[in-house]
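Protein chains get the first letters and strands the later ones, always in sequence-line order, with residue 1 at the start of each. None of these values were measured; they are calculated from a predicted model.
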Amino acid sequence: TQLLEQSPQFLSIQEGENLTVYCNSSSVFSSLQWYRQEPGEGPVLLVTVVTGGEVKKLKRLTFQFGDARKDSSLHITAAQTGDTGLYLCAGGHSNYQLIWGAGTKLIIKP
Amino acid sequence: DAGITQSPRYKITETGRQVTLMCHQTWSHSYMFWYRQDLGHGLRLIYYSAAADITDKGEVPDGYVVSRSKTENFPLTLESATRSQTSVYFCASSSSYEQYFGPGTRLTVT
């Protein structure tokens, strides 16, 4: 059974600090997505990484796919209160299904 | 407007009643998915559909029925609601591994 483990499960930091969220698996994925979910809303796609070692940047967010395509990280530089939310990673499975991590709840305090 | 919509947004029903949650997408995506999201369990796949008239079970299909007579619609029916089906339900669509989510339906079974 393919699993994706996210860590930490919960993170509360001050505005302006940096943070990294991890997504790890023992399985290889053809692609990996990161989503952000705000309370009362559905998850929203942030990025897709497909190549081992790939790095993508979205403003202050940096996403990296591991060389072996088994893990990924999300780094936020100078966090802002607007970054608060639940961050979910998901790995590509058959028939376009996704294997989901349990999520990292991020709170940025002003 | 283009996108994916769910209705109703909130529903309270009694144990034993049948309830149908609606999902409509305007992108003509081939794939559609139903998830439930509960604290401590993350997103769990209930059913998915690869195309009109093609549906398949996900991780937690018991007690649910789906149909897909048209590409744009993917209703989810709880045939006889139970308290354990109290949850937030999300519909998603995709043409690849990148999934696009509706706003969710919060269902309470009393």
| said: Let's go through B/Tyr35 and A/Trp100 carefully: what are the C-alpha distance in whole Å and the side-chain angles of both, what is the deciding distance for side chain to side chain contact (heavy atoms under 4.5 Å, CB included) to 0.1 Å, and is it a yes or a no? | reply: CA-CA 11 Å; B/Tyr35 295 93; A/Trp100 291 88; 3.2 Å; yes

| message | Can you tell me which portion of B/Arg9 sits under 4.5 Å from chain A's heavy atoms? Options are side chain, backbone, both or neither. | response | side chain

| Heavy-atom side-chain proximity of A/Leu45 to B/Tyr100 below 4.5 angstrom | yes

| request: Might you work through the side chain to side chain contact (heavy atoms under 4.5 Å, CB included) test for A/Gln33 and B/Gln99, ending with a clear yes or no? | output: CA-CA 9 Å; A/Gln33 288 83 45; B/Gln99 295 186 7; over 6 Å; no

| Connected via hydrophobic side-chain network under 4.5 Å: B/Leu76 and B/Phe74 | yes

| said: For the CG atom of A/Leu88 and the CD atom of B/Gln37, what is their distance to the nearest 0.5 Å? | reply: 7.0 Å

| query | Among A/Ser31, A/Ala102, A/Gly42, A/Pro43, which has the most heavy-atom pairs under 4.5 Å with chain B? | reply | A/Pro43

| request: Evaluate the side-chain proximity of B/Leu45 to A/His93: yes if any heavy-atom separation is below 4.5 Å, no if none is. | output: no

| task | Assess whether atom CD of A/Glu15 is packed by more than 12 heavy atoms of other residues, nucleotides or ligands within 6.0 Å. | result | yes

| task | Under the side chain to side chain contact (heavy atoms under 4.5 Å, CB included) rule, what do B/Asp56 and A/Gln97 come out as? Steps first, then yes or no, please. | result | CA-CA 11 Å; B/Asp56 208 346; A/Gln97 295 177 69; over 6 Å; no

| said: Can you confirm whether more than 12 heavy atoms, excluding those of B/Ile12, are under 6.0 Å from its CD1 atom? | reply: no

| message | Quick check: is A/Leu46 connected to A/Leu19 through a chain of hydrophobic side chains (ILVMFWY, heavy atoms under 4.5 Å apart)? | response | yes

| Say you draw a straight line from CG of A/Leu86 to CG of B/Leu43; how long is it, rounded to the nearest 0.5 Å? | 8.5 Å

| field | Cluster overlap A/Val47 with A/Phe29, hydrophobic side-chain contacts below 4.5 Å | value | yes

| Would B/Trp34 end up clustered with B/Ile4 when hydrophobic side chains under 4.5 Å apart are linked, directly or stepwise? | no

| Over 12 foreign heavy atoms within 6.0 Å of NZ, A/Lys56 | yes

| task | Decide if atom CD of A/Glu17 counts as having more than 12 heavy atoms of other residues, nucleotides or ligands within a radius under 6.0 Å. | result | yes

| request: Mark yes when over 12 heavy atoms from residues, nucleotides or ligands other than B/Arg106 sit less than 6.0 Å from its CZ; otherwise mark no. | output: no

| field | Inter-chain contacts: residues 85-97 of chain B against chain A, heavy atoms under 4.5 Å | value | B/Phe90, B/Ser94, B/Ser95, B/Ser96, B/Tyr97

| Single-linkage hydrophobic cluster A/Tyr35~A/Val50, side-chain heavy atoms < 4.5 angstrom | no

